[in-house]
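Beneath this line is the structure, given in structure tokens, with notes to follow.
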Amino acid sequence: MSDMALPATPNQPRLSLAGHWVSQILLPVAFAAVVLGLWEGLVRWYQVPEVILPPPSVIGARIVSAWPFLLQHSLPTAIEATVGFLIAAAFGIVLSVVLVYSRWAYVALYPNVVFFQLIPKIALAPLFIVWLGIGSSSRLAFSVFIAFFPVVISTLTGLNSTPPDMLRLCKALTAKSWQVFLSVRFPYALPHIFSGLKVAVTFAIIGVIVGEFITAQAGLGYLVLFASSQAETPLILAAIAMLCVVGLVLYGIVAGAERLILKRYGH
Amino acid sequence: MSDMALPATPNQPRLSLAGHWVSQILLPVAFAAVVLGLWEGLVRWYQVPEVILPPPSVIGARIVSAWPFLLQHSLPTAIEATVGFLIAAAFGIVLSVVLVYSRWAYVALYPNVVFFQLIPKIALAPLFIVWLGIGSSSRLAFSVFIAFFPVVISTLTGLNSTPPDMLRLCKALTAKSWQVFLSVRFPYALPHIFSGLKVAVTFAIIGVIVGEFITAQAGLGYLVLFASSQAETPLILAAIAMLCVVGLVLYGIVAGAERLILKRYGH
Amino acid sequence: MISLRGVRKTYASPAGPVEAVAGVSFDIKEGEFVSILGPSGCGKSTLLMMLAGLEHASAGTIEVAGEPLTGPRRDAGLVFQDATLLPWLSARDNVLFPIKMMRLEREKYVARAEELLRSVGLGDFMDKRPRELSGGMRQRVALCRSLIHEPSIMLMDEPFSALDAITRDEMALVLLDLWARHRKTGVFITHSIREAVLLSDRVLVMTRRPAVVVADVAIPFARPRDESIQDTPEFNAIVAQLRGMIEHSIKAAA
Amino acid sequence: MISLRGVRKTYASPAGPVEAVAGVSFDIKEGEFVSILGPSGCGKSTLLMMLAGLEHASAGTIEVAGEPLTGPRRDAGLVFQDATLLPWLSARDNVLFPIKMMRLEREKYVARAEELLRSVGLGDFMDKRPRELSGGMRQRVALCRSLIHEPSIMLMDEPFSALDAITRDEMALVLLDLWARHRKTGVFITHSIREAVLLSDRVLVMTRRPAVVVADVAIPFARPRDESIQDTPEFNAIVAQLRGMIEHSIKAAA
Amino acid sequence: QTANIKLTLPWLAQGSTAYAYIAKEMGAFTRRGLNVEVSRGFGSVAAAQAVAQGQFDYAIVGAGPVILAAARGLPIVGTATVNYDMTMGIALREDSPIRTAKDLEGKKLGAVPTSAEFPFWPAFAQRAGINMAGITVVQMDNRVLERGLIDRQVDAITAIGSSSIPVMQAQRAAHRFIPYSSAGVNFYANVICTRPEVLAARKSQAEAVTEALLEAAALQLKEPERAIDMFIKQVPEIGITQGGRENARLSQGLMQWTMLAPEAMDHGLGYTDMAKWNAMTDLVMQYGAPNDARRPAPESLISNDFAGKIKLNASEWGTIRTNLAPFGAMLG
Ligand SMILES: Nc1ncnc2c1ncn2[C@@H]1O[C@H](COP(=O)(O)OP(=O)(O)OP(=O)(O)O)[C@@H](O)[C@H]1O
Ligand SMILES: Nc1ncnc2c1ncn2[C@@H]1O[C@H](COP(=O)(O)OP(=O)(O)OP(=O)(O)O)[C@@H](O)[C@H]1O
Ligand SMILES: [Mg+2]
Ligand SMILES: [Mg+2]
């Protein structure tokens, strides 16, 4: 272990010490490259069959050769995940607002929300198909179902984190409930809401993929399943790589929106 | 909307106002009871077939009649989830410690950890079976794989949240690295570590169940799938209910340990 | 004129009722600046909230100009320990925040807001966000905000406690100056005896919880005042007298 | 005796180098209590860290008893603004924490720890955890902790800034008393002019960043001192003089 | 005007059910004024349920699930049988020491519980005289079933031959197959079905759908290579996977091998032998159905009203038999 260093700010240890962006971007990329290189080398050396684990170069070649196809199947996945995320976000935020403004609803519902947050919801996926059929509605519903709870929990935390003195001030000024909500509570909650939304977007994708495994005729989850049925591991991994890209793009959009909005709202 | 109320502490809105534990326990339970009652009533009124959605009473009866059976299948799931969780926790904490004490490892690895945290790892589940076979080792590995990342991320946050002045004091006292770690950094990190562990335990269960969906000879995931093959929806729901119980028990154990240890460590 | 007669406040808490204020009676005259001194947790903030109409007294009456106070008073300006500015609004918009909340016409108040900011030395900072301002500057913005809707009374709950000692001294002078211009009735809660003496016409001393008023000391210095009075023997004599009273009341309670 | 000669400190930051301390030279004699006053962010903490051997000077030398300082000094006792106690240890164990970290034998120091705690009025609180103590009590524990290993120098970085005014005044007296008993060399950073004057043999005044020392004022009051000196004209005269110097240096820099 | 119709398959698009897509490609539906949307399925049992619940108008599923669904009281009815053997059986590695069904005793057997052959494993075991007590059944997902066999994680798997054999071939893993039919456990595959109310209300539409599918099945029999091309046009992902075309060809051939049955050869495509159906019902009632199930009368479940219109002549059947011989060999 190196000597104990003293971080400048508690939450960003020694990144500042590590110096420039070069090392902050180059080093992790280099590390990933080394891992891929090892993978390539070991697979080739031990002649691991392609069905078990193809080397990265084969996966790369498969991505290139199947590119238009991968792109075409990314679209439904991305769209459903986005719609699922948006619905979950809207519902989650609305429910939180209701809970924050209605004490009885809060006491009655909040523990149930936490309960659902804790249970392994993924086991319910097959039932969504039974209930809602095999169309995109069941995938959407499932994706909303699992993305919803993190939004509620973090929005509630956010809406409850307005400084009490600020609320006192508003009350003294005889502000209306909706004014306080729009001008104070909601903007104050934004950082929490966004941290919930970032979790929700990754959950929404997981929901869609699990749904696609079960029902879809298109989409990356379907492609993974289809390639599995043909035992075509390089295509499975190409589709999964694409899935990671879709996931990161959607996450990036939410994180970007967060940056913009939090800049505007000056936190 | 009720009138704007002023919470006493920002994060526990009006629970204090809502008064006694009676309302805090009774109300949510009553709400859940009302939902179940509605479910029962509607299903009976519209004569929804049992394969689609059995009423809670039928599920309850199924739980009773299949009790020894459910219990027997809960065991492997609970054991694998526990072992997976423990391995993920151990690995996660050890990796975090390495990252905190080695600046290069940190810069090289941390972004990759975050990347893995964001991607939909669930799509990789079948490959674990291909790689590690159909035994419990592949389910365990998958469960460790998805439970691992939240532990790393929150342990890192925790280990980096020691007050800098405390570290300065230790440095001035010429304390050894390991002393600082054991007496200061680690105990300070405990609240964060536990919040990571609580996420990890729910993820570990999800991992085992997804693994059981793919291959198993026992376990609640197996039971869900088996019941699906018989279109025995009451048994599916009974198994899922059992799954929730297992999930809550394991979560409760971690939360209980947290309570005990954080009491000891006075946060 | 504000009159408190036998005002009590008991909070319900999980551990049973907490008596925060136990029978307080005093008057505040129009245009008078009154400071309240007292140990931590003795009920000072509670008293201020009752004066603002934000908490109801459990017993006793509070009358403003002969009328009993029943709900929030719109004609009060509040200042808290943390400036509680909205981080996403400019200094100007923060000052205008009460106008928005009271649904008044913004245009009529913009000039006044800017005038107020200039008077506290923030003429060049009107478009800055709170995080671009120092702690003292933020608290100046909060002072301006409390005055924007021309309240008849300013209620200040330890407004300078979070500031460092030097800034705190500066802020006392800023407040002295603001008060000299606007002459609102003022109620000022503080832990600092010197600050209380420098600013006030009268200083009330409260005991530990449940609070009662144990001393009501008139401060005889002429207005306008400036910092120099702090170095006079009279000033230090009053400070010493008040310190004695506080220590006595703490010991008596223990 | 500690000698600083032309001490500078420049930090590397993403936005380029930040010069925190720009050429400081002064001496501190054995057993002397020196306060350092200066505006926020001027480099006071940096200077203290250099005195503790926790930061290296970018230029210039720091010598302790004629030896250049090269690494952390084990014979320094540190006190910070927040008490930085370990929340899970009792007051006694917190005081003994340095013993543990220095790998010394605990048994030899338990009696001393209890003695120290009693001397600051915490005889009945030795088994309490920090959260069961008030802010002032916590800071007393931190003071005891800084003395447990019999350091030759106490380095205090605004130890009372986070406390309310009344507690703060109390704490100054506690420190005065502790110092009278132990007579360590002391370096005390504060924003409060009165506190500095009450406690110190000498007060150094620093400018805005990059910091240089612009005044070095001896405080002539005899020891042992008590609070009563605060009400003397001499005391207030020195306070007024220092305030003038600080205001002057701030204006000169602006 | 054209009617919009939703049709579901039992599983992913495969050569064995390719005629649904081929019917689209050759215009057999549009010619009859039908606009059919073909969906992949997610298991026979689920597909039968989905059609009974009205999520689809028509489905192609095995006879077993049709009877099971009916036994559970779900509204379902068949219009024609396209293929005559589910090709249920036990797949083995070629080098496996297991030669006969009896040799399975004491071994590890992989199975997908949601797949159609799984419920009838006990029936096969009983009729083949296997003592099931010592056999470990490992539940597996479709995605890992064949892999598990090839990697020797299990000694044998219960499988649908037309699905599993192509997957093993694609991995160049030689196999052997013990069909359930060798012990007399035999189920019709690929029954075209719908709900009774649809059949009653839109009889001509049901007939048109059935005919279009059978027409495509006939083309598939006569021109297998062209049929694959047409299939890939409709389902491009078959073409994109490395072994996709070969997989489709194998799956198609294996399923067509089961059409060399007297029902189709003597009576025309789509014909159902009611006696065999009766026997299948018995099997389902004995092994597959839950306790509360009621035996559905064969006549209420299937008829030959729409079957037998498309016939091939003897020389055509001769050529087909020659072409399909290698597939027959694969099925043991
Ligand atoms: N909403 C509440 N419910 C229950 N008890 C309360 C509530 N608000 C305040 N108290 C209690 O009433 C007492 C007085 O509180 P208050 O805030 O008025 O004191 P204070 O004099 O302003 O203290 P400080 O100097 O620390 O600001 C305290 O013991 C506090 O815990
Ligand atoms: N590790 C560091 N890296 C870069 N800059 C630093 C670092 N530590 C301090 N600084 C900068 O050096 C300057 C002096 O900081 P320092 O903490 O010594 O000031 P200070 O006088 O103690 O201020 P305060 O009164 O607020 O405690 C500041 O501008 C600060 O931002
Ligand atoms: Mg208060
Ligand atoms: Mg400092």
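Chain naming here is simple, since letters A, B, ... match the order of the sequence lines and numbering starts at 1 in each.
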Side chain, backbone, both or neither: which part of D/Arg73 has an atom under 4.5 Å from a heavy atom of chain B?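 Backbone only.
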
Test side-chain contact (heavy atoms from CB on, under 4.5 Å) applied to D/Leu78 and B/Asp165, B/Leu169, B/Leu173, the passing residue: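 Looking at B/Asp165, B/Leu169, B/Leu173, the match for D/Leu78 under the side-chain contact (heavy atoms from CB on, under 4.5 Å) is B/Leu169.
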
Within a reach of under 6.0 Å around [atom1] of [X], are more than 12 heavy atoms found that belong to other residues, nucleotides or ligands?
| X | atom1 | value |
| --- | --- | --- |
| D/Arg118 | CZ | yes |
| D/Lys128 | NZ | no |
| D/Phe26 | CZ | yes |
| D/Tyr11 | OH | yes |
| D/Glu63 | CD | yes |

Hey, what do you get for [atom1] ([X]) to [atom2] ([Y]), rounding to the nearest 0.5 Å?
| X | Y | atom1 | atom2 | answer |
| --- | --- | --- | --- | --- |
| D/Trp88 | B/Ser183 | CH2 | OG | 8.5 Å |
| D/Leu155 | B/Arg168 | CG | CZ | 13.0 Å |
| B/Tyr265 | D/Leu86 | OH | CG | 10.5 Å |

Any side-chain heavy-atom pair from [X] and [Y] closer than 4.5 angstrom?
| X | Y | result |
| --- | --- | --- |
| D/Leu85 | B/Met166 | no |
| B/Cys170 | D/Phe97 | yes |
| D/Phe80 | B/Pro163 | no |
| B/Lys176 | D/Met101 | no |

Taking all heavy atoms of D/Arg131 and all of B/Lys263, pick out the closest pair and write down the distance.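 Closest approach of D/Arg131 to B/Lys263: NH2-O, 4.4 Å.
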
For residues B/Thr174 and D/Pro72, report the shortest heavy-atom separation together with the two atoms involved.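 Minimum heavy-atom contact is CG2-CB, 4.3 Å.
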
Under 3.5 Å, which donor-acceptor pairs do the side chains of residues 73-83 of chain B form with other protein atoms, sequence neighbours left out?
{"unit_1": "B/His73", "atom_1": "ND1", "unit_2": "B/Gly219", "atom_2": "N", "d": "3.0"}
{"unit_1": "B/Ser74", "atom_1": "OG", "unit_2": "B/Leu70", "atom_2": "O", "d": "2.7"}
{"unit_1": "B/Thr77", "atom_1": "OG1", "unit_2": "B/His73", "atom_2": "O", "d": "3.4"}
{"unit_1": "B/Thr77", "atom_1": "OG1", "unit_2": "B/Glu212", "atom_2": "OE1", "d": "3.3"}
{"unit_1": "B/Thr77", "atom_1": "OG1", "unit_2": "B/Glu212", "atom_2": "OE2", "d": "3.0"}
{"unit_1": "B/Thr77", "atom_1": "OG1", "unit_2": "B/Leu220", "atom_2": "N", "d": "2.8"}
{"unit_1": "B/Glu80", "atom_1": "OE1", "unit_2": "B/Arg139", "atom_2": "NE", "d": "2.7"}
{"unit_1": "B/Glu80", "atom_1": "OE2", "unit_2": "B/Arg139", "atom_2": "NE", "d": "3.4"}
{"unit_1": "B/Glu80", "atom_1": "OE2", "unit_2": "B/Arg139", "atom_2": "NH2", "d": "3.0"}
{"unit_1": "B/Thr82", "atom_1": "OG1", "unit_2": "B/Ala78", "atom_2": "O", "d": "2.6"}

Polar side-chain atom of B/Gln179 near backbone of D/Lys100 as donor-acceptor pair, under 3.5 Å: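 Indeed, once roles are kept as given, a pair shorter than 3.5 Å links the two residues.
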
